[in-house]
Amino acid sequence: WVIKALEIFKNEINTENQQKALVEHFTEINNGLENEDYILVADIFNYEITPLLKAIRKNIDDNLRK
């Protein structure tokens, strides 16, 4: 099941929208860290990255149950 989960995760991350979103978020995080704007960094993790990872996790869980 681990291999199947990794394959699903790889497929999820390989979608163009997911890649764009992650690149944009991590670029913002990098800028926030450089500017010492830790509230921005925390907000990006809480409101952007965490929901994205939860959606990926849900999709992995759903596909593993099949």
Between N30 (side chain only) and F26 (backbone N and O only), is there a donor and an acceptor less than 3.5 Å apart? no
Quick one: pull up NZ in K20 and CG in L22 and give me the separation to the nearest 0.5 Å. 13.0 Å
Show your reasoning for whether side chain to side chain contact (heavy atoms under 4.5 Å, CB included) applies to I39 and D37. CA-CA 6 Å; I39 294 173; D37 188 352; 4.0 Å; yes
Which atoms form the tightest heavy-atom contact between Y38 and L33, and what is the distance? CE2-CD2, 3.9 Å
If you take all heavy atoms of A21 and L52, which pair is closest and at what distance? CB-CD2, 4.5 Å
Here the pair of heavy atoms bringing I49 nearest to I29 is CD1-CD1, 3.4 Å
Side chain to side chain, L53 and R57, heavy atoms closer than 4.5 Å: no
If you measure from CG on D61 to NZ on K54, what distance do you get to the nearest 0.5 Å? 13.0 Å
To the nearest 0.5 angstrom, please state how far the CD1 atom of I44 sits from the CD atom of E24. 10.5 Å
